[in-house]
Q: 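I am attaching a structure below and will ask some questions about it afterwards.
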Amino acid sequence: MSDNQNNTYIHDGDNPRSLCSNCRENKPLMVYDWLGDVPENVGECDYVEVQFKNTRKGYYLNDQKLDLHKGDMVAVEGNPGHDIGEVTLTGYLVHMQMKKTNYHFDDPEVTKKVYRHVTPADMEKYYEAKAREHDTMLRSRQIAEGLSLEMKIGDVEYQGDGQKAIFYYIADGRVDFRQLIKDLAAAFHIRIEMKQIGARQEAGRIGGIGPCGRELCCAKWLTKFNSVGTAAARFQDLSLNPQKLAGQCAKLKCCLNYEVDCYMESAKDIPNKDIVLQTQDSDYFFFKQDILAKTVTYSTSKDGPFNLVTIPASRAFEVYGMNKHGHKPERLLQGEEEERNNRPEFSDGVGDEDLTRFDRRKKNNKNRNRNHGQKPRRKGNDQNPRNNNANPSPEAK
C-alpha cells in the first residue's frame, strides 16, 4: 500500500501537519519528547530530527528559524535536490541524540539544512515517487538476478523529489555491483545509491510479530544491534535449540541479551557446579539450579536424579565450608528447610489437565439421578415382568 493511501496532511498557511492514520508515534526510532510541553525547549537547539521511510532519519539545521514542531512535514536538503520527511524531535533532546550518534558538528559536508514547510506540489511529487517503490524493487531484483549477483534487494526508498533512490540489499560477502548500478540507472533514469544491511535490519524494515505476541523489537524501538552469542542462553539455563532461540531473521534473538546481566550478577551467589557436598549419610552432586530464586538441587548420584534435595545457595555454601574444615553435617537440610522441602505443593489447577480432557467419555448418571430415593431393583430377569411372563418356569407349565 502506498503512502498516499495512508497519509494526509493539512496545509495551514506555512505550517502543515501530517495527520497520519498509521502515525509515526508507533514507528521505530522514535524518541519520547518528555520536554515537549516546555515552551522554552523549542529554541534551545537549532537542529531538528527528521525521519523518513522506516528506520532512516537525520538531523538538519533550522537556520531560517522556522516554527517547527513534532509532526510537521518539511523539505530538507538532499544530494541532489531535496527530500521530504517528518519532524520527530525538537529542542534540547535533539542535541543529546546527536551526541549519542557521534554527529560531526564541525563538518560542513555533514550539516544539511531545512528548506521549508512542504507545499502541495512537494507532496504530489512525494506521493508519485513513493508509488514507484514497489515496482522498482521487483524490477531491480530481476536485473540483479540476470547479472548472477549473490545478493537480495530487500527494499527501495525514493527521495522526496524522485531524483534519487536508495536500494537496500543483503549479501553474505562483498558484491561487485558496478554493472548493476549502470543497469539500474539506465532502467529508471535516476541516481542510484546502494546500502548494505544485515539480516536483523531487514527484519526491522519488514516488521512482524514475535513469539512473545508483541511487535518485533527491531521494528519498534531497537536502534543498535549488538552481537548475540550462545553464551547468553547458557547463562540463563536455556535449551540450546536453534528453532526456539532464533528469531525471524534466522539469527539469535536480540532479547537474549536483555536479562543476561541480571543472571550473571545473580550467578555470583550460586556455588560452583563441581562442588560435592558431603554429609554423614551420603555425598550430594550438583543436578540443577535456579539462579533467580538462588536455590540449588543436588542428587546422590552423578548419573541421574536420585534422592533430589533442593536447598538455598546460602545453605550450600555453609555445608561446603564445613566440609573444608573436615566436618560433615547429619543431613543436607536443616529442620525448617526440611519441613519446607517436604511440604506438598499446591496449584490452582490451571494447566493440570490436558486439552483432550473434554474428549473423554463421561459416565451416564441419568439412571442414578432417576433412582435417587427409590429402592434398587433386583438384577436378572426379575427386573422386567414381561420377561417373567414370556419365559415361564417349567413348574408353571
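Remember, predicted model here, so these are calculated numbers, not experimental data.
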Q: Starting from the C-alpha separation in whole Å, work towards a yes-or-no answer on salt bridge (Lys or Arg N to Asp or Glu O under 4.0 Å) for Arg56 and Asp155.
A: CA-CA 12 Å; Arg56 187 172 71 93; Asp155 195 10; over 6 Å; no
Q: Give a yes/no verdict on a cation-pi contact between Arg132 and Tyr158, requiring under 6.0 Å between NZ or CZ and the six-membered ring centre and an angle within 45° of the axis.
A: yes
Q: To the nearest 0.5 Å, what is the distance between CG (Asp261) and CZ (Phe235)?
A: 10.0 Å
Q: Just wondering, do Tyr92 and Cys45 contact through their side chains at under 4.5 Å, heavy atoms?
A: no
Q: Show your reasoning for whether side-chain hydrogen bond (donor to acceptor under 3.5 Å, both in side chains) applies to Gln163 and Asp161.
A: CA-CA 6 Å; Gln163 297 186 23; Asp161 56 359; 3.3 Å; yes
Q: Just to verify, which of Glu86, Gln51, Glu49 counts as forming a side-chain hydrogen bond (donor to acceptor under 3.5 Å, both in side chains) with Lys57?
A: Glu49
Q: Measure the shortest side-chain to side-chain distance between Val76 and Phe52 over non-hydrogen atoms and say whether it is less than 4.5 angstrom.
A: yes
Q: Hydrophobic clusters here meaning ILVMFWY residues chained together by side-chain heavy-atom distances under 4.5 Å, can you tell me if Met194 and Ile166 are in one?
A: no
Q: Lys130 vs Glu133, test: salt bridge (Lys or Arg N to Asp or Glu O under 4.0 Å). Steps then yes/no.
A: CA-CA 5 Å; Lys130 293 301 178 183; Glu133 290 181 349; 3.1 Å; yes
Q: Assess the pair Phe177 and Tyr169: is the distance between their ring centroids shorter than 6.0 Å?
A: yes
Q: How long is the span from the CG atom in Asn226 to the CG atom in Leu256, to the nearest 0.5 Å?
A: 12.5 Å
Q: So do Gln289 and Thr297 actually touch side chain to side chain, heavy atoms under 4.5 Å?
A: no
Q: Quick one: do the Glu157 and Tyr168 side chains pair a donor with an acceptor below 3.5 Å?
A: yes
Q: OH of Tyr126 to CD1 of Ile84: how many Å apart, nearest 0.5 Å?
A: 8.0 Å
Q: Between Lys53 and Val156 (side chain of the first, backbone of the second, donor and acceptor by atom type, cut-off under 3.5 Å), is there such a pair?
A: yes
Q: For residues 264-280, which residue pairs pass the salt bridge (charged side-chain N to carboxylate O under 4.0 Å, His left out) check, not counting sequence neighbours?
A: Glu265-Lys268, Asp269-Lys294
